[in-house]
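The structure appears right after this line, and notes come after that.
Throughout, a chain's letter reflects where its sequence line sits, starting with A, and its residues are numbered from 1.
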Number of protein chains: 2
Amino acid sequence: MKSENIPAPAIRRLSLYLRQLEAFRKADRRTVSSKQLGEALKLTDAQVRKDLAYFGQFGHPGIGYRVEDLINQVKKILGTDKPCNISIVGAGHLGQALTGYRGFSKKGFQLVAVFDNDPNKINTSESADAIPIQPMTELAETVDRLEIRLAILCVPAEAAQQVADEMIKAGIRGILNFAPVSLAVPDGFPVAGVDLAVQLEQLSFRLGGGTTAEAI
Amino acid sequence: MKSENIPAPAIRRLSLYLRQLEAFRKADRRTVSSKQLGEALKLTDAQVRKDLAYFGQFGHPGIGYRVEDLINQVKKILGTDKPCNISIVGAGHLGQALTGYRGFSKKGFQLVAVFDNDPNKINTSESADAIPIQPMTELAETVDRLEIRLAILCVPAEAAQQVADEMIKAGIRGILNFAPVSLAVPDGFPVAGVDLAVQLEQLSFRLGGGTTAEAI
DNA sequence: GAATGTGAACTTTTTCACAGCG
DNA sequence: CGCTGTGAAAAAGTTCACATTC
């Protein structure tokens, strides 16, 4: 575990290792080798070993990695061993679909609030386990009260920057941005972007539509 | 434009350039320099120039890049200058939310079919501009008839691999996978993955939750 | 024997810095 | 001038190959 020279790609792969390890666990595998883990993710065994070794010595020569142990270690590294409260901002089609997604809590992310600025969508019923939709005016107070760390931004592109500004001012610590814009945020502020069109374009390119654009 | 040594990261950034260029165009900018484009995306000017130069000579010394022209060139490179038919497979919360998303067509992707295997969701009304939900049994025939190239996979994790197999057999040429699993696909088959939990984990890590996992 | 962790070699990607053009 | 395109240098990331451990 070299102190502070961990390649960003290695950190991205860490999440994939975790996901694959959980799949192996579900299949009742107790141990897994770097070769097997790599095969499932289309990576080399050396890559897997090096990535994991950045963070510690988790393997056992001759055996491989113990699935259960490694899951716990990787979660600790990612900081998802402890639950983290999140919110959704923007209750349009996508926001509401994500609100209904039950997969967050399994991964340690607890959805505790949803915000929108449309008065017709507000619904502060504290009933059942349905999460109420609150007005944007309550953002700062709620972020503070419920200790919300991350927010998923699901507003239209036109509103995204302004809403992001509000979120940061309200004390949100990281943004998962679904709006198709590059957000301007303070230096080092954590943002991850998911842009459907960008992903489709990457596929389009690989379709061989990748004309090398006969120049001039 | 070196024939075939284009870095994958450069290709990923191409989509971001396009998105940013369209934002500049909306703001009535006619030209943009590599410095300005880079600033908006937190990249260096050299990076922007080198990326674009892989594909041709699009810039004008002393001037920069003409926004409109560069948009057209980048679209051509990505293959999105011509429309591409896409479909959504899995009409759950997320699939239906994406079905309602109007942003695809602006980017050259035409959503022409939605599939699900739940008989209660099927709805073959050829009415209005609402896209009917077809049964999975019609997949191959429809892919062929409507010349569908790409599919967005929105089924639960447990079903994802099997449905992906069906899609590939039906002639789909690339998959945008929203299921939280690594799909096994033929070598070189284009897959892009969007896993919400993975993105949240990356943010979690950057929150400083990144315990360096004090080993042993 | 099987499989890790790791320094060293190699490859890829980014940055630098500058000639050359409008 | 201002700004591109690009070789050359530097940095980052990946793969190799092997000593080492169980």
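- Residues from residues 21-52 of chain A lying near DNA chain C, meaning a heavy-atom separation below 4.0 Å, are A:Ser33, A:Ser34, A:Arg49, A:Lys50 in numerical order.
- Checking the phosphate oxygens (OP1, OP2) of C:dG5, a side-chain nitrogen or oxygen of A:Tyr65 falls inside 4.0 Å.
- Put simply, OH on A:Tyr54 is 16 Å from C1' on C:dT4, counting in whole angstrom units.
- For A:Arg66, no side-chain nitrogen or oxygen approaches OP1 or OP2 of C:dA3 to under 4.0 Å.
- The list of side-chain hydrogen bond (donor to acceptor under 3.5 Å, both in side chains) pairs with a residue in residues 77-87 of chain B, not counting sequence neighbours, is empty.
- Atom-to-atom, CD1 of B:Ile6 to C1' of D:dG5 comes out at 15 Å; the value is rounded to the nearest Å.
- Residue B:Ala10 is out of contact with every strand shown, counting any heavy-atom pair closer than 4.0 Å.
- Base contact: B:Gly62 has a heavy atom under 4.0 Å from a base atom.
- With sequence neighbours left out, A:Glu147 forms a salt bridge (charged side-chain N to carboxylate O under 4.0 Å, His left out) with no residue at all.
- Note: CG (B:Asn5) to C1' (C:dT13) measures 12 Å, nearest angstrom.
- Using a 4.0 Å cut-off, no side-chain N or O of A:Arg12 falls inside it from OP1 or OP2 of D:dG13.
- Contact annotation: A:Gln57 reaches the phosphate of C:dT6 (side-chain N/O to OP1 or OP2, under 4.0 Å).
- Heavy-atom distances to DNA chain D give each of A:Pro9 and A:His60 a nearest nucleotide, and the one nearer the 5′ end belongs to A:Pro9.
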Which atom pairs, one a donor and one an acceptor, fall under 3.5 Å between side chains of residues 164-174 of chain A and the rest of the protein, sequence neighbours left out?
from, atom 1, to, atom 2, distance (Å)
A:Asp165, OD1, A:Gln161, NE2, 2.9
A:Glu166, OE2, A:Gln162, NE2, 3.0

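- For A:Phe189, the ring pair (Phe, Tyr, Trp, His ring centres under 6.0 Å) test picks out no residue, with sequence neighbours left out.
- Looking at A:Lys107 and A:Glu22, a side-chain N of the basic residue comes within less than 4.0 Å of a carboxylate O on the acidic one, giving a salt bridge.
- Annotation: ring pair (Phe, Tyr, Trp, His ring centres under 6.0 Å) contacts of A:Phe24 (sequence neighbours excluded): none.
- To the nearest angstrom, C1' of C:dG22 lies 7 Å from CD1 of B:Ile63.
- With rounding to whole Å, B:Phe55 atom CZ is found 14 Å from D:dT6 atom P.
- Closest non-hydrogen pair, B:Ala97 versus A:His93, comes out as CB-O, 3.5 Å.
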